Amino acid sequence: MGALEAVILTIITASTPLLLAAIGELVTERSGVLNLGVEGMMIMGAVCGFATAYTSGSAMLGVAAGLLAGVVMSMLFAFLTQTLMTSQVATGLSLTLLGLGLSGLIGEAFTGLPGVKLTVLDIPFLSDIPFIGPILFGHDILVYASLAIPLGVAYVLFRTRLGLIITAVGGNHHSAHALGYNVIRVRYGCIAFGGACSGLAGAYLSLAYTPQWIENMSSGRGWIALALVVFSTWLPKRLMIGAYLFGTVWIMGLYVQALGVAIPAQLLSSLPYLVTIVALIIISGNKTLTKVNTPACIGQPFAPER
Amino acid sequence: MKKLIGSIALSLAMIFAAGAASAADKLKIGFIYVGPIGDHGWSYQHDQGRLAIEKELGDKVETVFVEKVAEGPDAERAIERLARQGAGLIFTTSFGFMNPTLKVAKRFPKVKFEHATGFKRSKNVATYNARFYEGRYIIGQIAAKMSKSGVAGYIASFPIPEVVMGINSFILGAQTINPNFKLKVIWVNSWFDPGKEADAAKVLIGQGADIVTQHTDSTAPLQIAADKGALGFGQASDMIKFAPKAQLTSIVDNWAPYYVRRTKAVLDGSWKSSNAWDGLAQGTVEMAAYTNMPSDVAAMAKKTQAMITSGKLHPFTGPLYKQDGSLALADGKVMDDGTLSGMNWYVKGVDGDLPK
């Protein structure tokens with residue numbers, strides 16, 4: 001295996017969970033809801049995915065359980081913020097804390113057990129092509145999902161009626177309501193989609209990235225996903241670039257260290273975050289770009305007038 | 001939530017304590033763990049030590065433990081509560097418990113404290129650590145024998161003497177087999193981040209390392225090695241079940257002999273504050289079974305292990321050269337413990353700069 005090939009493969013695995021979680025949050029935010037509970041939904045997806053895969057022996061069942069766990073967590077958030085009108089910021093933060101604690105409790109019995117690894121989808125002939133084979137055709141189903149979902153989301157958002165409705169609800173919920181759309185129902189749906197994607201991201205961590213359960217194994221990836229959504233100015237294709245940029249800088253930091261280049265290890269470790277911050281500053285400098293795509297109603301509660 | 005679990009554990013401990021109060025002549029021994037006992041690494045091995053005390057001394061003692069105690073103010077509360085419940089001997093098993101242990105020890109002069117890996121002692125606080133570098137010398141030799149590419153990868157946590165002496169010992173062992181052996185080091189700035197450890201392992205293997213070893217606590221690097229057809233070593237406990245085809249051996253922490261010895265000392269009144277630094281000879285450092293290697297390599301490893309155990313061989317014996325080529329230890333001299341425990345430089349043969 002060539003060095004370049006190995007680096008590219010590592011970048012793909014590092015970027016996949018970020019991209020999965022971020023694309024879900026992008027849709028949630030497009031509908032005008034800010035869910036800061038990504039980290040909590042992700043870690044619940046990781047623990048439920050691992051527990052199910054370990055008990056049943058099937059990694060695919062684990063993926064399904066991870067998705068479901070993300071949806072259940074997000075529905076709790078939706079009920080509190082959409083039906084009971086609680087603050088989205090406070091509820092999202094507590095969702096993260098709840099997820100981290102609850103996952104530790106559920107995972108207690110599963111720490112230190114060897115996991116079930118999600119198998120690579122082997123495509124006959126195509127996977128055997130040197131270099132291109134392993135890079136394009138040598139992955140598990142979640143890697144492909146992480147690339148297909150943003151493309152699908154881009155299509156739905158900009159080419160379909162449903163996309164227009166979501167954008168309308170996020171842009172001006174009063175007008176959308178006046179036009180006869182059920183704002184709350186649309187938001188429930190988008191929150192659930194966000195939860196499902198975060199759950200998948202978690203399942204990827206405990207079934208493919210490092211197939212085992214460890215408390216707090218998401219180690220902040222949910223927060224990076226949140227930052228990536230802003231970085232992308234709510235555009236799915238740009239989000240893909242952002243996630244891969246972060247993954248690349250992250251892996252290159254390790255790569256450069258192993259080559260023995262004299263750059264302090266601590267600086268290399270913080271480089272991905274620095275790059276993201278710089279990118280955020282540059283992007284928020286472009287006012288029109290940000291204004292056009294920011295969902296105007298983000299974070300605001302909606303109470304239909306009777 | 002962590003705190004909640006901690007306090008549940010504590011209240012359970014208190015209930016048990018109340019129940020056993022009638023048997024007041026028993027010595028109560030408390031343990032504070034930084035991780036869950038199911039971590040299959042550091043805390044797990046300490047708990048094995050606790051179980052060994054129970055097995056060995058049976059009805060003369062009674063043990064309680066609190067797991068997942070965060071380093072910091074929480075630790076002080078947890079230690080103090082154990083002391084208040086009448087524990088006569090308390091083991092605090094992480095470096096970060098050093099100051100909390102000393103503070104509580106001052107308030108409870110009659111209680112004996114044992115702090116792992118620390119360097120501050122007092123009249124009733126002893127410290128203990130293990131000579132893990134002895135094991136690293138052996139795995140360095142195995143690595144050099146088993147590697148086809150002549151390159152090993154080392155995933156390191158923090159640039160503290162404990163970790164640096166491990167890296168040096170590994171390369172010194174490897175050089176006895178292959179003087180040109182190369183070692184690539186990645187610092188991940190964490191004791192425990194499976195994702196990052198896995199990434200580092202992949203990068204090292206991608207750069208030509210066919211042996212991976214780590215001074216971090218998760219099983220992730222070993223699993224990656226198994227996955228990519230490389231070989232590796234376990235850390236802290238025997239990790240063979242995570243990589244049955246890739247683990248060559250594992251440096252196992254065995255605290256049981258020390259724990260039993262110190263408990264007996266308290267029971268017969270001979271306990272004194274001291275600084276224990278035990279290794280293979282005392283059984284605190286153990287090597288897991290030598291697997292996945294030809295019998296001549298296993299025989300060599302066993303021979304080295306026997307020589308270190310009997311004291312015939314010390315990994316840090318001169319002549320030793322620093323990375324820049326300057327002489328660090330004269331020919332035939334053995335490095336003293338003081339110099340060893342303050343080590344902050346690489347020996348010749350390690351690639352890259354040591355972060356400061």
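Within every chain, numbering begins at 1; the chains are lettered A, B, ... in the order of the sequence lines, protein sequences first and strands thereafter. As the structure is a prediction and not an experimental result, all values here were calculated from the model. Only heavy atoms go into these numbers, but all of them, side chains included; no hydrogens, no water, no symmetry mates.
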side-chain contact (heavy atoms from CB on, under 4.5 Å) partners of B/E286, counting only residues at least two apart: B/V252, B/N254
Options B/A220, B/A200, B/G195, B/G153, ranked by heavy-atom pairs under 4.5 Å with chain A, top entry: B/G195
Heavy-atom pair count under 4.5 Å with chain A, highest-scoring of B/V188, B/D353, B/D199, B/V185: B/D199
More than 12 heavy atoms from other groups under 6.0 Å of [atom1] on [X]:
X	atom1	result
B/K241	NZ	yes
A/I141	CD1	no
A/K117	NZ	yes

Interface residue of largest heavy-atom contact number with chain B, from A/L259, A/L205, A/I11, A/N216, under 4.5 Å: A/L259
Rounded distance [0.5 Å steps], CZ in B/F242 versus CG in A/L113: 7.0 Å
Value rounded to 0.5 Å, distance of CD in B/E67 from CD in A/E108: 5.5 Å
Side chain, backbone, both or neither of A/S218 within contact of chain B (heavy atoms, under 4.5 Å): neither
Which heavy atom of [X] sits nearest a heavy atom of [Y], and at what distance?
X	Y	result
A/P211	B/Q223	O-NE2, 3.8 Å
A/I214	B/P194	CD1-CG, 3.0 Å
B/S218	A/Q212	OG-NE2, 4.4 Å
B/G206	A/A6	CA-CB, 3.6 Å

B/N189 versus chain A, the contacting section by heavy-atom distance below 4.5 Å: side chain
Part of B/L204 within contact of chain A (heavy atom distance under 4.5 Å): side chain
A/S269 side chain reached by B/K196 side chain, heavy atoms, under 4.5 Å: yes
B/K202 and A/T13, any side-chain heavy atoms less than 4.5 Å apart: yes
Pairs involving residues 218-239 of chain B, ordered by first then second residue, that meet ring pair (Phe, Tyr, Trp, His ring centres under 6.0 Å) (sequence neighbours left out): none
